2 protein chains.
Amino acid sequence: MDTRHMRIFVALAETLHFGQAAARMNMSQPPFSRQISSIEKTLGVRLFDRNSRNVSLTLAGRHFLADCRRVLADFDTACRDVQLVANGVKGELRLGFMMHAAHSIIPALVRRYSEAKPDIHLILEESIPTDIDTMLIEGKLDIAVTFGSPYAPHLRTHRLARDRLCLIAPADHPLAAAEIVGPRDLRGEKLIAAPASVVPVLRAAIGIYCAAGGVVPHFAFEPRLQHTIIRLVQEGLGVALIPQSLCTGLGPAVIAKALVNAPEFDVVLCAPTTSRNPAVATLFELVESWDMGNASTRNA
Amino acid sequence: MDTRHMRIFVALAETLHFGQAAARMNMSQPPFSRQISSIEKTLGVRLFDRNSRNVSLTLAGRHFLADCRRVLADFDTACRDVQLVANGVKGELRLGFMMHAAHSIIPALVRRYSEAKPDIHLILEESIPTDIDTMLIEGKLDIAVTFGSPYAPHLRTHRLARDRLCLIAPADHPLAAAEIVGPRDLRGEKLIAAPASVVPVLRAAIGIYCAAGGVVPHFAFEPRLQHTIIRLVQEGLGVALIPQSLCTGLGPAVIAKALVNAPEFDVVLCAPTTSRNPAVATLFELVESWDMGNASTRNA
DNA sequence: TCCATTCGATACTTCCTCGGTATCAATCCG
DNA sequence: CGGATTGATACCGAGGAAGTATCGAATGGA
């Protein structure tokens, strides 16, 4: 028994006529008749009552017809689905992203992608940039939104936005009144920043910025989350350099100031070049076509 | 694509080794390899990543594996179920029965049969004897419990019980005090009985019994249901001849009396000899083995 | 009542598919 | 560097499946 036998059986069960059923199966009547008796012989079950004038289903045949229809439908969808998965229109995509992106890029990205590929189940993994990198390498993520690294040949990357650091300080801090803020102004300030093990790109940018003014930064606190940093600044415990995209809704206790020659960095979509998930390519296609439509409006 | 291809695919997906998978399919490696590439070519989807040393599933392959397992399981159960239906261990059985049987025979019959054939769905149809006869002929019922007719060559019948008529009368009725009741005692009585169109066997029995005493029966009321008959007798509206099996729990207002030469009749299980439902035979087998076990205890 | 038509079953032939054997190519291990 | 393992390829032979021709039974109309 295989699915062809089932289709032959269904054809006869639906027409109750050997000749017409054979025609539907694109074969002539004699081999069709043989196949029917072969099916009945293999199953050991009489599926049709037939004299030389009439054909009708037995009770067992009626039950079998219902089963066959269901099995054949499942069979066909399985064969179709595997192609959809291979073409990236079906399946699942494990998307990692850092906290920053959750507020600026991820919501729109997820919405647009879900609309474009409704049959791809998006699995969202919020994490810190270093973990995202390792999860991409280990294959625990298919694709991620994170900071762009200067050199990452094993990753296919696409810039989603360009962000820059700005200073936030308590409203009553001396720097809050300064006209412009440069690296030298950070001398002696208690800095608050996430540790390098969490966001190496940001830490490196802060370090380079300070060094440009000949300043050795003094990190008073090193919480992991940017929101914790903002809270600590609100409490007057220091100043911080954070991405501009996070400088909204800070409240009255904190002011944000642009920096002279502010360090810039990319927020990118990236995935291993070795990725075997076809859905990865479709997400890249989406963000690329997205840029195409409104190239200038997407910078932070 | 057919199920054999799916089994070949599953074999390789589970072993990830062409040689072992081929052995599991009882074939040698070269044709097995050919089948795999044939499958991939037909679907147009690469299911395995393989270099000459390692085999691994692609993402599409993983999805397809899950689908194939489900489809194959459904396929196999469909092929098995059709045999079960043909052998009468699975399917459905439309069992008709008259009201009388609902109190004496049906409960035990249903319980025993459900235990013996748990995969047969019993559809119970309570009806009146004449309707049961026509529904059996029209194929709306597979089998029924009803009164035995003297001549019914188109039906396979098996006697389940032998019942007899007895008299019920209001407790204050003169006949309630009689020592024995015979047909002559019914002269002038208001009889209550179901019409011949509902239970021809009972009406015929009553008519013959009265005729034996030279009495022309006077039917005061002709309700369809035996319980209505009993209620009317309770209200003092007449007397009735009803099956002995119904003479339990009549209440204090009614007394039941045995009749001299009481008319007897069979309660039978019957099905059309032309029935195509294999479950019919299994129910006959059950009641026959049932009699075998306790032949003497089953008479009413 | 008889003949024509319809429909499913059977006999025989042909062809194609599928599996087996032998072999090759690439990779891994000692 | 050589043997062993593993998958791919080439070729051959057998079995099965489809097609053609035909038969037999049943129905319906003249």
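All values reported here derive from a predicted model rather than from experimental measurement. Throughout, a chain's letter reflects where its sequence line sits, starting with A, and its residues are numbered from 1.
Using modelled atom types, one side-chain atom of T77(A) and one backbone atom of D74(A) make a donor-acceptor pair closer than 3.5 Å.
One interatomic measurement links the two molecules: NE2 of H5(A) to C1' of dA18(D), which rounds to 13 Å at whole-angstrom precision. Rounded to a whole Å, the CZ atom of R46(A) is 12 Å from the C1' atom of dG8(C). One atom, CG of D49(B), and another, C1' of dG7(D), lie 15 Å apart when rounded to the nearest Å. In this structure, the CG atom of N54(A) is 17 Å from the P atom of dA25(D), given to the nearest Å. Atom-to-atom, CD1 of I39(B) to C1' of dC18(C) comes out at 13 Å; the value is rounded to the nearest Å. Atom CD1 in I36(B) sits about 17 Å away from atom P in dT6(D), given to the nearest Å. Atom P of nucleotide dT6(D) and atom CZ of F32(B) are separated by 14 Å, given to the nearest angstrom.
Residue side chain R34(A) does not reach the base of dG8(C) through any donor-acceptor N/O pair under 3.5 Å, judged by distance alone.
Set against dC12(C), dA9(C), dG7(D), the side chain of F18(A) has dA9(C) as its closest nucleotide. Closest approach to the M27(A) side chain among dG7(D), dA10(D), dG19(D) is made by dG19(D) (side chain taken as heavy atoms from C-beta onward). Distances from the side chain of Q35(B) to the nucleotides dA9(C), dA8(D), dG19(C) place dG19(C) closest. Among the nucleotides dT9(D), dG20(C), dT10(C), the one closest to any side-chain atom of P30(B) is dT9(D).
For F9(A) and F48(A), the ring centers sit closer than 6.0 Å to each other.
Of the side-chain N and O atoms in R50(B), one or more sit less than 4.0 angstrom from OP1 or OP2 of dA8(D). Between R4(B) and dT17(C), a side-chain N or O to OP1/OP2 separation shorter than 4.0 Å is absent. For S28(B) and dG19(C), the shortest distance from a side-chain N or O to OP1 or OP2 is not below 4.0 Å. Residue S33(B) places none of its side-chain N or O atoms closer than 4.0 Å to OP1 or OP2 of dG7(D). Between dT5(D) and H17(B), no contact under 4.0 Å exists linking OP1 or OP2 to a side-chain N or O.
Toward the 5' end of DNA chain D, the nearer of the two residues Q20(B) and S37(B), judged by each one's closest nucleotide, is Q20(B).
Within the 4.0 angstrom heavy-atom criterion, base atoms lie near Q29(A).
In this structure, R24(B) places its CZ atom where more than 12 heavy-atom neighbours from other residues, nucleotides or ligands lie under 6.0 Å away.
Between F284(B) and H158(B), the ring planes are perpendicular. Angles over 60° get that label, and only those under 30° would be called parallel.
No donor-acceptor contact under 3.5 angstrom links the side chains of S289(B) and E285(B), judged on distance only.
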